[in-house]
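Take a look at the structure set out below.
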2 protein chains.
Amino acid sequence: MLELRLVQGSLLKKVMESIKELVTDANFDCSATGFSLQAMDSSHVALVSLLLRSEGFEHYRCDRNLSMGMNLNNMSKMLKCAGNDDIITIKADDGSDTVTFMFESPTQDKIADFEMKLMDIDSEHLGIPEAEYHAIVRMPSSEFARICKDLSSIGDTGDQKNEKLLDRLLLAVVISVTKEGVKFSTRGDIGTANVVCRQNTTVDKPEEATIIEMNEPVSLTFALRYMNSFTKASPLSSTVTISLSSELPVVVEYKIAEMGYVRFYLAPKIEEDEEDNKS
Amino acid sequence: MLELRLVQGSLLKKVMESIKELVTDANFDCSATGFSLQAMDSSHVALVSLLLRSEGFEHYRCDRNLSMGMNLNNMSKMLKCAGNDDIITIKADDGSDTVTFMFESPTQDKIADFEMKLMDIDSEHLGIPEAEYHAIVRMPSSEFARICKDLSSIGDTGDQKNEKLLDRLLLAVVISVTKEGVKFSTRGDIGTANVVCRQNTTVDKPEEATIIEMNEPVSLTFALRYMNSFTKASPLSSTVTISLSSELPVVVEYKIAEMGYVRFYLAPKIEEDEEDNKS
DNA sequence: TTCCATCAGT
DNA sequence: ACTGATGGAA
C-alpha cells in the first residue's frame, strides 16, 4: 500500500514538465526515504535523477519498497488535469499494476482521480558516486536559461533543411570557470558568442547572486541542446548549481524547496582539434 | 577601428525590429557623422533610411568611413541576446570581415560578445532630395499604427486561400489631408472604412496632438501592407510624421530621441479608375 | 500551423 | 491587476 499526499501539487507538475522532454519511460522508486527516479534520456547521453523526500509530503505511507514503471508522457497528461493549487495524492495497492493520481481542488469542491497502467521497464540503477568537483557555480536559474537560449539562437540559422537541423543538434557550448567568473561560449553558422558572468554576491536578494567555488580552473564542452532541456526545470527553483570537473559528467541541479532536487548529468564532449571541428 | 558605445541599447534593438521585416540585407555606413543605413525593401518598392548621429553615442570612434554589409536577421538574432537595459557596443577592426556586438548588463556582472561575419552587398546609395511637401501630418505613432491595423483587418477576410492573400497584399489605403484633418480610407471584401483624425492641439501632452501643416489638399493611395510594416517602428517614438505630396513618395518618419530617425519612403499607387480597380 | 502559457508593459 | 505580445509546445 502506497499513499503519498502532496499539498503543493504544482511541484509535481513542474517536475514532470522538467524531465519529460528528456525521458519517456522510467521507474519511480518509493521507499521510506522518499519518492525518487533515475533514468537515462532516450539517447542514453544524459541522466536524470529526481528525489522528493518523504518529509516533504503531508502524508507519506509506503509499506514496502516499490518500483513503478511509468510512461512519463501519459503521467504528464494526467498531471495536467490537476489544477495548480490542487492537492495531489499518489496511490498504489500492493501487487496492483496500476497507479492512481487523485487531485483535490483547494476548496474540496472538485475531486478527480486518474488511474494509469504501470509498465515493466528494465533499468540499471546506477550508483552515482559523490565526487569532488573542480568548480561549482551557483547562479539564478533564469539567467542560466537565458544564456543557453541565447547561445542556441546563434547556431540556429532559422533554416529548416535537415542539414541545418543537424547542426543545431550538434551545437556545443564551452563552459569555462575561473575565479573571476564563468564563461559560456559557442560558435555557430552566423558567428560566435561568449557570455561571461562575474562572481557577484552583493545583490539585494540571495537568489540573484552568482557564486563560484573553484578549486582549479576548468573548461568543458557540452552539447547545448541538453543544457537547454535541463533549463526546463527552472520553474522549480530560482537558482541552479552547476558542478564541473574535467573528465566527469557535469551536474546541473535544481533544488526543490523542502523536498529534494532534480539533477541532470551530462558527459562532456571530448574536445577535438579545431581542424576536426571545422571539417 | 570602429567602436560605438550606446548606453540605451534597447534603441538599437527597437531599430532592428522596425526594419528587419522590410529589409533582409543592408550596408551600415559609419562615418564621423554617425551610423546610418539606407536600403530598399526586398521587393524594391519601399526605402528605409536610418540615422543614428554620433552625438547620441556615449563613445563614438570611427577612424575612417566604413560600410558594413550585414544580414539583418542574423544581426537581429544577436541583438535579441542583449537585455533591454544593456549597454551595447559595436566594434570592428580595420580590414576585418567581422563585426562584434558587446552587451554589458547594467550591473556589469554579465558581459557578452557576439561576433558576426560581414557580407558584400551591392547597393546604390540614393541621394534623397529635400522636398517641399503639400501636407505634413504629425500624430501619435500608436494611433497611426492602430488605424493601419484596423484598416487592414477590413481587407482581411481571414481566408487563407491564395486569392485572398493576394487581396491583402494589394489592399490600398487612401490618405487625404485637408485643413480640418487627415482621412484614411480603404475598401475591402467585407466593406469600406474611413477613419478621420481631426487636427487637435489642445491635449494634455504634446505627443498626443495631431497637427496638420498643409499648403494644399492632397489625396494619395498607398499599399496598406507597407504602411503596416512601417508602424513596426512605433516603439521608437511616440509620434510619427507623415509627409505627403502628389507624385512624390510619402515619408513616414519616426524620430529617435537625441539621435536621429528612421524614415520610410513609399511611392503612391497611381490612382486607377474605380472600374479598373474592380476588374 | 495553431493554441497555450508565460512574460512584459500599461 | 489586466491586457497584449511573444515564444514554446502540440
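Below, read A as the first sequence line, B as the second, and so on, with proteins coming before strands; counting in each chain starts at 1.
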(message) Rounding to an integer number of Å, can you tell me how far A:K232 NZ sits from D:dG8 C1'?
(response) 8 Å
(message) Between P on D:dG8 and CD on A:E17, what's the gap in Å once rounded to a whole number?
(response) 15 Å
(message) Of the listed nucleotides (D:dA10, C:dG9, D:dG7), which one gets closest to any side-chain atom of B:N84?
(response) C:dG9
(request) Whole angstrom is fine here: how far is it from CD in A:E143 over to P in C:dC7? (result) 16 Å
(request) In whole angstrom, give the distance that lies between atom CG of A:N73 and atom C1' of D:dA10. (result) 11 Å
(request) Starting from C1' on D:dT6, measure out to CZ on A:R146 and report it in whole angstrom. (result) 13 Å
(request) Check the distance between D:dA9's C1' and A:L22's CG and give it to me in whole angstrom. (result) 16 Å
(request) Please name the pair of heavy atoms, one in A:N71 and one in A:N73, separated by the smallest distance, quoted to 0.1 Å. (result) OD1-N, 2.9 Å
(message) So, applying side chain to side chain donor-acceptor pair (under 3.5 Å) with B:E17, which one of B:K14, B:K13, B:K20 is it?
(response) B:K20
(message) Between P on C:dT10 and NZ on B:K205, what's the gap in Å once rounded to a whole number?
(response) 12 Å
(message) Counting only side-chain heavy atoms from C-beta out, which of D:dA10, D:dG7, D:dG8 sits nearest to B:K80?
(response) D:dG7
(request) Tell me what A:K77 touches on the nucleic acid: a base, only sugar-phosphate, or nothing, going by heavy atoms under 4.0 Å. (result) nothing
(message) D:dG7, OP1 or OP2 - any side-chain N/O from A:K149 closer than 4.0 Å?
(response) no
(request) Name all pairs fulfilling the salt bridge (Lys or Arg N to Asp or Glu O under 4.0 Å) condition that reach into residues 102-121 of chain A, sequence neighbours left out, sorted by first residue then second. (result) A:R5-A:E104
(request) List in chain and number order the residues that pass side-chain contact (heavy atoms from CB on, under 4.5 Å) with B:L12, two or more places apart in sequence or in another chain; answer none if no residue qualifies. (result) B:L6, B:L52, B:L79, B:I88, B:I90
(message) Can you measure B:K13 atom NZ to C:dA8 atom C1' for me and round it to whole angstrom units?
(response) 12 Å
